[in-house]
Amino acid sequence: MLRLSLRSEIHDKLSESFLETFGKKSADFVVEIPPEGFGDYSTNIAMANAKLLHMAPKRIANKLLEALKAVSWLTSIEIAGPGFMNFKLSKEIYKHVLSEFIEEVKFPKLAKEKVQFEFVSANPTGPLTVGHGRQAIIGDVLSKVYRSVGYDVTTEYYFNDAGKQMKALGHSLWIRYNAIYGENQEFEEDDYKGEYLINIAKEFASEHGDAYIGKWNEEVQKFFTSYARDRMFDWIKRTLDKIGVRFDVYFKESSLYEKGVTDKAMALLKKREYVYEKDGTVWFAVSKILPEEEDRVIIRKNGEPTYFFSDIAYMLDKYQRGFKRVYYIWGADHHGYIPRMQAAAQALGVPDNFFNVIIHQFVTLKSGNEVVRMSKREGEFTSLEDLVERVGKDATRYFFAMLDPNTHLVFDVDLAESKKMENPVYYIQYAHARVVSLLRNAREKGISWENATLEGLALPAEFDIIRYMAEFQDVVTSVVSEYKPQKICNYAYSLSEKFHSYYNANKIVDVENKKLSADRISLCVGVKNVLRTVLSLLGTSSPDSM
RNA sequence: GUGCCCGUGGCUCAACGGAUAGAGCGUUGGAUUCCGGAUCCAAAGGCUGUGGGUUCGAAUCCCACCGGGCACACCA
């Protein structure tokens with residue numbers, strides 16, 4: 001039985017034929033959809049092996065051609081240009097692929113490994129920014145994709161719940177609380193002066209009254225801190241919920257200390273001689289592993305561990321929990337952090353490839369001709385929540401997913417908000433809704449398609465669409481290996497484009513010709529199934545009507 | 001200064017080392033007695049930042065430079 005990826009099928013046949021013909025394994029080569037006029041698929045196998053075989057590409061191609069004659073579904077093989085081999089496929093195979101997609105959109109099964117994606121991980125000291133939003137969507141989409149191809153995926157949010165930042169948060173809340181009662185207290189330098197704490201202070205006051213005015217000690221500090229932390233976290237979770245992101249695990253930094261993982265990590269590093277003391281602090285010898293990097297402090301002069309140390313322990317914890325690979329999604333501002341973490345991975349003795357980082361660049365918001373730079377400072381649309389409320393979940397998700405994580409994202413708020421043609425999300429969803437409406441219409445006219453023979457399909461556009469459906473598994477596979485969610489967006493968009501164009505040029509539902517209608521409707525059902533699957537990977541809805 | 005990322009039509013972006021560099025927005029001109037016009041068709045618009053190199057072939061890989069972003073803490 002053929003797989004759903006025609007490329008893979010052809011690739012395999014070529015590999016076999018090559019081995020048969022030349023007695024050795026082929027060098028890497030690709031099978032691709034060529035520009036129009038060069039057949040259905042093409043390969044560079046002959047050119048790629050010219051060096052290996054010391055033979056002209058065209059001669060290689062000619063020899064392979066003999067071996068490939070046995071493959072019945074390759075109806076034509078041509079050698080062109082510098083040595084491309086161009087194939088045409090039989091109608092039968094296209095019908096077969098389509099019937100598979102009508103039944104079910106199958107994912108390639110790539111692995112069963114236990115892996116983890118950790119992202120967002122913002123400390124609960126303020127509202128999430130649009131940058132966090134991008135990260136959340138990249139992480140969420142990638143985890144969905146990994147899960148779909150068989151990985152055992154855990155998504156995780158790590159946050160600091162005990163450190164200096166949290167104390168400052170508690171103190172800031174206390175200041176706002178006092179202010180409600182007209183009691184002016186001074187902010188400390190590291191305090192959070194954002195106005196968002198005012199509302200939380202009001203809630204606090206209504207729940208607990210005025211007992212803490214002007215009273216500040218350790219006990220009060222702890223109380224305010226935990227109150228503020230919980231409220232901030234509720235807020236963060238609510239925001240994430242609005243964009244459809246939920247985590248399997250919310251991991252507290254403090255648990256590393258409670259569980260003793262930090263002690264273990266320290267013991268391990270000591271045993272392997274990667275730590276030393278100097279100037280009253282404890283250092284991790286990054287340079288012992290990466291000579292061009294600097295060593296880093298892990299225990300401060302005041303005896304408190306640094307964040308880096310917690311991160312080392314956290315990595316150990318991840319490893320001990322049985323993950324084969326862990327993915328960290330970080331903003332570009334953290335890229336400098338990678339080498340020391342790699343060194344830590346090596347020092348802890350986790351396997352190569354265990355530690356993986358996906359870096360994404362920053363987000364800029366654009367509205368009209370105004371470019372709003374993302375900043376911590378509360379302004380217009382800098383918070384993720386404001387953005388989602390304005391453009392909606394589907395558009396937010398799509399726009400964050402649609403660009404290569406490695407490029408700067410200019411988020412066009414007006415475009416995302418628009419319910420018109422230029423908005424790619426609506427364009428794709430419209431294609432889906434259109435098929436649904438088409439099916440309803442056909443049923444009303446008494447046309448059924450469940451037993452369509454597909455024999456009537458004959459137009460180039462029809463086979464082009466089926467061929468593009470057959471790309472689905474390859475797209476998914478490349479997202480897994482390249483960490484590029486935008487490929488899903490591009491795929492969904494192109495498929496919609498092909499569908500809209502086909503729809504406009506051809507009558508699908510025609511009572512005068514029920515047999516042909518059934519075949520064409522079947523094609524549309526395939527398109528619908530793929531679109532729905534792809535939209536679900538993006539976490540956006542597939543409306544039946546709009 | 002050092003390191004990482006990016007540089008593709010006016011704007012925002014695609015392109016798996018391959019054949020004629022593709023879309024959308026914007027601009028211009030068309031399509032509806034008919035399945036959803038939230039659609040479609042077409043035109044104009046490019047020395048892929050610059051200069052070298054690698055090879056049968058480079059937007060893609062390497063080097064240098066230019067321009068933009070980010071990072072260089074006992075902060076996270």
Side-chain angles (χ1 to χ4, degrees), chain A residues 7 28 30-38 42 44 47-48 50-51 56-57 80-84 86 121-123 125 160 163-165 190 279-283 292-294 296-302 304-308 310-311 331-339 359-362 364 366 369 402-412 415 418-424 426-427 429-431 433-442 444-445 474-475 478 481-482 486-487 489-490 493-494 496-497 499-511 517 520-521 524 545-546:
Chain A
R7 280 181 191 230
D28 286 346
V30 294
V31 174
E32 57 191 352
I33 294 181
E36 263 199 73
F38 296 106
S42 74
N44 65 347
M47 294 178 285
K51 207 170 259 170
F84 285 103
N86 300 329
S121 295
N123 284 336
T125 55
N160 163 264
K164 229 163 47 181
Q165 282 197 4
D190 291 331
D279 309 328
T281 64
V282 180
W283 296 71
E292 62 283 5
E293 293 292 321
E294 285 170 29
R296 302 288 167 175
V297 171
I298 51 177
I299 307 291
R300 298 183 182 100
K301 203 166 265 173
N302 65 11
E304 283 186 25
T306 60
Y307 258 66
F308 178 45
S310 297
D311 286 336
D333 54 339
H334 281 65
H335 79 260
Y337 211 66
I338 297 173
I359 291 286
H360 73 269
Q361 303 298 318
F362 280 16
T364 311
K366 191 183 102 179
N369 289 323
M402 78 189 208
L403 293 192
D404 189 328
N406 228 352
T407 63
H408 294 250
L409 169 60
V410 179
F411 194 117
D412 187 332
L415 180 62
S418 146
K419 306 254 189 297
K420 299 245 169 70
M421 51 281 185
E422 68 267 19
N423 187 339
Y426 287 92
Y427 184 85
Q429 292 181 326
Y430 181 54
R434 211 173 204 183
V435 176
V436 173
S437 152
L438 207 53
L439 300 183
R440 197 171 31 223
N441 188 279
E444 278 166 15
K445 288 180 176 161
D474 303 310
V475 171
S478 73
S481 57
E482 297 171 44
Q486 84 275 14
K487 296 206 161 196
C489 297
N490 294 338
Y493 192 87
S494 297
S496 304
E497 208 169 27
F499 168 73
H500 282 308
S501 174
Y502 173 67
Y503 172 94
N504 265 277
N506 301 284
K507 191 155 179 66
I508 315 289
V509 177
D510 182 1
V511 281
S517 295
R520 290 185 168 175
I521 291 166
C524 296
S545 67
M546 302 171 68

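Below, all heavy atoms of this structure are taken into account, side chains as well, without hydrogens, waters or symmetry copies. Order of the sequence lines sets the chain letters (A, B, ...), proteins ahead of strands, with each chain counted from 1. Note that this is a predicted model, so its numbers are computed, not measured.
Closest approach to the A:Q361 side chain among B:G69, B:G36, B:C74 is made by B:G69 (side chain taken as heavy atoms from C-beta onward). Checking B:C35, B:G36, B:U39 against every side-chain atom of A:Y427, the shortest atom distance belongs to B:U39. Side chain of A:Y426, nearest nucleotide from B:A38, B:A76, B:G36: B:A38. The side chain of A:S437 has B:G36 as its nearest neighbour among B:C74, B:C40, B:G36. Comparing B:U12, B:A73, B:G68 by their closest approach to the side chain of A:R296 singles out B:A73. Closest contact between the side chain of A:F362 and the listed nucleotides B:A76, B:C70, B:G24 involves B:C70.
Shown are A:L409, A:D333, A:T407, A:N406; of these, the side-chain contact (heavy atoms from CB on, under 4.5 Å) with A:Q361 is made only by A:N406.
In this structure, A:Y493 has its ring center under 6.0 Å from that of A:Y427.
Put simply, CG on A:L438 is 17 Å from P on B:U39, counting in whole angstrom units. Atom NE2 of A:H500 and atom C1' of B:G37 are 11 Å apart (whole Å). Computed from coordinates, the A:I359 CD1 to B:C6 P distance equals 12 Å when rounded to whole Å. Note: CG (A:N504) to P (B:G37) measures 7 Å, nearest angstrom.
At a threshold of 4.0 angstrom between heavy atoms, the contacts of A:Y503 include nucleobase atoms, whether or not backbone atoms are also involved. Across all strands, A:D28 comes closer than 4.0 Å to no nucleic acid atom at all (heavy-atom distances). Nucleic acid contact for A:S494: none, since no nucleic acid atom lies under 4.0 Å from a heavy atom of the residue. Among the heavy atoms of the strands, none lies under 4.0 Å from A:Q429. Residue contacts for A:A505: at a heavy-atom cut-off of 4.0 Å it reaches no nucleic acid atom on any strand shown. Nucleic acid contact class of A:A332 (heavy atoms, under 4.0 Å, all strands): sugar-phosphate only. When heavy atoms are screened at a 4.0 angstrom cut-off, A:H335 is found touching base atoms of the nucleic acid. Residue A:L403 is classed as a sugar-phosphate contact, given heavy-atom separations below 4.0 Å to backbone atoms only.
In this structure the side chain of A:V297 never reaches within 4.5 angstrom of the side chain of A:V282, judged on heavy atoms. When side chains are defined from C-beta on, A:Y503 does not count as touching A:V435, because their heavy atoms never get closer than 4.5 Å. Looking at A:L438 and A:V509, their side chains come closer than 4.5 Å, going by heavy atoms from C-beta outward.
A salt bridge links A:E482 to A:K487: at least one charged side-chain nitrogen sits closer than 4.0 Å to a carboxylate oxygen.
Under 4.0 angstrom from either OP1 or OP2 of B:C41 there lies at least one side-chain N or O belonging to A:S501.
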For nucleotides 15-22 of chain B, read 5' to 3', which letter fits each nucleotide if B means a protein heavy atom sits under 4.0 Å from the base, S means only the sugar-phosphate is that close, and - means neither?
SB-BBB--

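A:N160 and A:Q165 form no side-chain donor-acceptor contact under 3.5 Å, judged by distance and modelled atom types alone.
Helical stems of RNA chain B (runs of at least 3 Watson-Crick or G-U pairs, donor-acceptor distances under 3.5 Å) are listed by first residue: B:1-7 with B:66-72, B:10-13 with B:22-25, B:27-31 with B:39-43, B:49-53 with B:61-65.
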